[in-house]
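Numbering starts at 1 and runs along the sequence shown. Atoms within each ligand, like the ligands themselves, are counted from 1 in listed order.
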Amino acid sequence: MGAHSIWVLEYSRSPVHPVSGVYYGAHNQGTMNLPFAYILIKTGGSVVLVDVGHDSGDFGGQIANSIGVTGWTSPDIVLGECGVRAQDVTHIILTHAHFDHIGGLKFFPNAKIYIQKKELESWMWILSKGRRFRSLQAGLNPADILYLTQANIEGRLELVEGERENLLPGIHLYPAFDTHTAGSQYVVVQNDEGDDKIVLSGDVVYTYKNLNGGDSNDPCFVPPGLANGSQARLIESAEEMLGIVGNDERRIIPMHEERLSTLYPSRVTDRELMLVEVCLADGERSRV
Ligand SMILES: [Zn+2]
């Protein structure tokens with residue numbers, strides 16, 4: 001028990017996601033089910049979201065359709081399962097700017113947004129380079145980058161440069177540069193003062209198989225297939241995360257991991273979305 005409650009909230013899924021996008025070098029292995037989710041943290045008087053999903057009604061929705069994403073459900077319904085309204089969200093931490101992690105920003109008008117400065121700068125650079133560079137734009141809705149610049153003018157954006165400890169008490173941000181994207185970051189949630197840490201990996205780790213290759217007796221890092229950075233940096237960052245949690249893989253929470261529901265208390269909502277309860281703060285009521 002401690003100060004933070006954490007829930008992983010599925011809001012959509014791709015039943016036909018290419019396996020090679022999730023595991024580097026997994027050629028000709030067909031498709032897999034990939035949940036799309038964001039993470040809710042309640043801590044003190046603050047309501048934090050790590051990533052925000054996408055908006056089915058804009059270009060992000062078109063990207064989603066083009067890769068077989070189904071079952072999109074609005075944030076008010078998804079968060080309502082935990083008794084939270086979109087307008088209650090006070091802080092949004094963005095692990096990176098792919099459409100399915102950032103595209104829902106407009107649903108949270110009262111939240112302050114935190115993203116690595118390098119992430120914004122790298123996408124601006126890619127967008128400045130023109131059509132021949134469009135392979136680097138995979139998974140990006142350019143309008144989301146414009147939204148960030150607008151939020152900056154409104155004073156709702158904070159560009160983080162590298163490590164940021166205690167953004168809120170016990171919530172730390174760490175860079176994972178040149179991995180899945182140029183300016184990816186991950187989140188460490190620390191209960192009390194001790195070693196009770198949970199890592200929210202973003203897409204540096206899609207599933208546990210990225211950490212162990214599917215064999216926990218003879219584990220092997222297999223980095224995600226979709227990456228603008230390098231496989232070596234993905235593996236280095238995964239190793240760093242394992243170090244933070246004392247090699248206890250289940251304390252790393254990959255948001256595209258279907259198996260989370262078997263490791264933590266969970267339930268399926270009326271919309272057939274998975275709700276996973278990673279931990280509860282003292283006095284917080286279970287939502288599963
Ligand atoms: Zn991504």
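- Annotation for Arg267: atom CZ counts as buried by contact number, over 12 foreign heavy atoms lying within 6.0 Å.
- Screening Leu34, Thr31, Asp203 against Val22 for a side-chain contact (heavy atoms from CB on, under 4.5 Å) leaves a single residue, Leu34.
- Residue-environment remark: CD (Glu272) stays at or below the threshold of 12 foreign heavy atoms within 6.0 Å.
- Within a radius of less than 2.8 Å around the Zn ion (ligand 1), the protein N, O or S atoms are His96 NE2, His98 ND1, His180 NE2, Asp203 OD2.
- Taking 4.5 Å as the limit, some side-chain heavy atom of Leu140 sits within range of a side-chain heavy atom of Leu127.
- A search for ring pair (Phe, Tyr, Trp, His ring centres under 6.0 Å) contacts involving Phe133 returns Trp125, not counting sequence neighbours.
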For Ser20 and Gln29, run side-chain hydrogen bond (donor to acceptor under 3.5 Å, both in side chains): C-alpha distance rounded to whole Å, both residues' side-chain angles, the deciding distance at 0.1 Å, then the answer.
-> CA-CA 7 Å; Ser20 61; Gln29 292 188 20; over 6 Å; no
